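The chains referred to below are lettered A, B, ... by the order of the sequence lines, with proteins before strands, and numbering in each begins at 1. Bear in mind that the values here come from a model prediction, so they are computed numbers and not experimental data.
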Amino acid sequence: MSEGPQGVSRYTTGARINHWITAISLVLLALSGLALFHPSLFFLTHLFGGGQATRAIHPWIGVVLAVSFLGMFIRFAALNMWNKDDTVWMKNLGKVINNQDEGLPELGKYNAGQKLVFWGQSILIVLLFASGIVLWDVYFEDMTSVDQKRLAAVAHALCAIGAILIWIVHVYAAIWVKGTLRAMTRGTVSGGWAWKHHRKWLREETRKS
Amino acid sequence: MATLQSLDIRRRSASTEAPPQIRKGGVEVAKLIDVSKCIGCKACQTACLTWNDLREPVGVTDGVYDNPRDLTPTSWTVMKFAEVETGPDLEWLIRKDGCMHCDDPGCLKACPAPGAIVQYTNGIVDFVSENCIGCGYCVKGCPFNVPRISKLDRKAYKCTLCSDRVAVGQAPACAKACPTQAIYFGSKEDMKVHAEGRIADLKSRGYKNAGLYDPPGVGGTHVMYVLHHADKPMLYSGLPENPRISPLVGVWKGVMKPLSLAAIAFAGAFGFLHYITKGPNEVAESDERKAAELTGGRGA
Ligand code: SF4
């Protein structure tokens with residue numbers, strides 16, 4: 001698939017649904033998790049029907065996220081393998097941040113920043129899932145010791161903060177780089193967007209069609 | 001209860017508001033358990049169930065006196081029997097287990113629900129069940145492994161030190177029931193003085209390591225023990241030698257909270273500043289033209 005009059009196809013309908021399930025569960029997890037993390041944010045439990053309900057529902061949203069993210073991982077892992085261009089791109093991060101593209105290598109479907117977001121979230125979600133199970137007393141209380149639970153609590157909070165920070169980078173990139181969001185809302189990007197940001201990918205897509 | 005005694009609250013879990021401080025001169029209370037006088041009759045255990053109107057479900061016996069085997073959501077105190085060989089002697093060390101009412105309570109520190117755990121100015125640490133969300137963080141915060149979450153209602157339970165009785169000038173139910181007066185109750189100061197007498201007596205009878213268990217790692221406790229072997233508290237069914245709030249819990253509930261929120265706020269602020277200083281990254285007309293050339297005009 002390359003491009004029609006609407007632009008270059010970037011995400012299939014399945015990929016977009018998969019992405020938005022992940023996105024919504026991640027936001028809900030962040031809100032309910034932060035509510036139980038800091039007393040000043042406990043008021044967020046009202047969004048979920050109170051403290052008890054928040055405590056009960058948070059792990060279930062986690063299960064949805066884990067399954068959904070696994071789908072994303074299977075879809076996109078191969079496209080996120082690191083290559084030499086990524087190292088060059090990272091060295092030019094200063095330019096990227098300053099909106100200058102000269103000297104940047106032509107890129108495939110993802111740039112190094114996107115790949116780091118992908119791998120960062122992949123690792124953190126595995127850790128969050130594992131530590132989350134240890135903290136899910138309703139079902140798994142008797143399977144771990146108190147010391148393991150303490151470690152899990154600290155690891156869970158640390159990883160969650162990491163995931164939230166990466167999420168901020170991810171969302172901001174979509175706001176900053178104009179023309180990006182429609183890839184996830186409509187599934188396509190403009191030819192110019194593909195040329196500017198992912199030229200190698202555009203060439204491949206053109207060759208394929 | 002929490003509202004009626006609000007002037008007597010020293011600390012409240014997960015609360016950023018300062019507690020009232022106008023009332024001064026309250027007395028700190030303590031329960032003193034003289035392990036050397038305990039005969040293991042479990043009258044205190046029964047009194048606890050009776051006063052709090054709780055019933056321990058019928059369990060199984062597995063050949064030891066401990067019954068139930070450990071603290072449960074309904075049994076807030078349990079007698080722990082340890083057979084210990086000290087030199088040529090076999091000693092039967094019986095310890096009444098339960099909440100120690102730490103002066104620096106780990107449960108309260110860990111609890112994320114505002115007001116689910118309070119510490120009164122008299123030192124009693126109490127769970128306010130209506131505010132409890134059943135997350136089990138108190139279990140992780142406790143250095144003595146005391147709170148239990150009920151499978152029935154997912155609420156945390158433990159000894160209240162009979163805060164309701166104490167509030168009206170009564171001693172805890174267990175202290176009232178003990179037939180050998182192994183459980184004393186009064187001001188912490190008086191209890192320490194009384195303990196000294198008991199320790200001197202024990203020493204005169206050959207227990208040269210007799211002493212008071214009031215561990216400083218948790219700021220002292222409002223439940224103290226007189227032990228014949230105060231140098232080896234572990235002998236008493238694993239009473240911790242130097243209990244303190246786990247450093248992991250300290251980090252989790254300490255520096256991590258402000259630092260994390262600061263990091264999130266910083267990331268947001270950085271994005272905002274970047275946008276207003278560097279502006280958006282936009283696709284130029286020339287990019288569209290070049291793309292169209294490449295794709296043979298089939299592009300958008
Ligand atoms: S389970 Fe413990 S930590 Fe959690 S809300 Fe209840 S009292 Fe607080």
Side-chain angles (χ1 to χ4, degrees), chain A residues 2-8 34-42 45 50-56 96-99 135 137-138 141 146-147 149-151 153-154 157-158 160-161 164-165 168-169 171-172 175-179 188-197 199 202-203 205-206 209, chain B residues 13-16 110 112-114 116 131-137 139-142 145 149 151 154-155 246-249 251-253 256-261 263-264 266-268 270-272 274-275 278-296 298-300:
Chain A
S2 69
E3 50 194 307
Q6 290 88 24
V8 189
L34 283 170
L36 303 188
F37 176 68
H38 200 291
S40 328
L41 299 174
F42 190 79
T45 55
Q52 291 188 10
T54 306
R55 184 264 302 154
V96 174
I97 289 174
N98 282 303
N99 289 338
L135 297 174
D137 283 353
V138 181
E141 185 177 3
V146 174
D147 265 324
K149 288 186 174 77
R150 287 176 182 139
L151 187 65
V154 175
L158 261 182
I161 297 303
I164 291 170
L165 291 177
I168 292 174
V169 171
V171 170
Y172 177 66
I175 296 170
W176 166 41
V177 182
K178 296 297 167 200
T188 58
V189 288
S190 76
W193 185 94
W195 172 268
K196 181 171 163 75
H197 302 296
R199 204 167 297 163
L202 180 65
R203 290 189 203 285
E205 292 296 296
T206 316
S209 62
Chain B
S13 61
S15 300
T16 42
N131 295 333
C132 171
I133 65 168
C135 61
Y137 287 4
V139 176
K140 298 159 190 69
C142 178
N145 184 24
I149 312 288
K151 297 227 184 314
R154 306 246 41 111
K155 299 264 184 193
S246 158
L248 284 170
V249 175
V251 169
W252 175 36
K253 293 292 164 175
M256 222 171 131
K257 286 197 291 189
L259 282 187
S260 301
L261 292 200
I264 292 173
F266 180 79
F270 180 83
F272 182 71
H274 181 262
Y275 200 84
K278 304 292 174 190
N281 182 330
E282 279 168 319
V283 177
E285 205 33 58
S286 57
D287 292 320
E288 296 293 357
R289 232 179 300 114
K290 283 183 190 135
E293 276 164 31
L294 172 71
T295 59
R298 285 169 299 162

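Not counting sequence neighbours, the partners of A:R150 by the side-chain hydrogen bond (donor to acceptor under 3.5 Å, both in side chains) test are A:D147. Scored by the side-chain hydrogen bond (donor to acceptor under 3.5 Å, both in side chains) test, A:W195 finds no partners at all (sequence neighbours excluded).
When each of B:P114, B:S246, B:A263 is checked for heavy-atom pairs under 4.5 Å with chain A, B:P114 comes out on top. Your options are B:A267, B:G136, B:G134, and the one with the most heavy-atom pairs under 4.5 Å with chain A is B:G134. With respect to chain A, the highest number of heavy-atom pairs below 4.5 Å among B:P280, B:S286, B:A113 belongs to B:P280. Counting heavy-atom pairs closer than 4.5 Å to chain A, the top-ranked of the candidates B:C142, B:P258, B:S260 is B:S260. With chain B as partner, the option from A:G179, A:P39, A:A35 having the largest number of non-hydrogen pairs under 4.5 angstrom is A:P39. Top candidate by heavy-atom pairs under 4.5 Å with chain B, chosen from A:L165, A:N99, A:V169, A:T45, is A:N99. Comparing A:V146, A:L151, A:I97, A:I164 by heavy-atom pairs within less than 4.5 Å of chain B, the highest count is held by A:I97.
Side chain of B:K155 to main chain of B:C132: a donor-acceptor pair is present (N/O by atom type, distance under 3.5 Å, no hydrogens or angles).
Here the straight-line distance linking atom OG1 of B:T295 with atom NZ of B:K290 works out to 14.0 Å at 0.5 Å rounding.
The shortest non-hydrogen separation linking A:G7 to A:T188 is C-CB, 4.4 Å.
Interface remark: B:F270 contributes no atoms to any contact with chain A (heavy atom separation under 4.5 Å).
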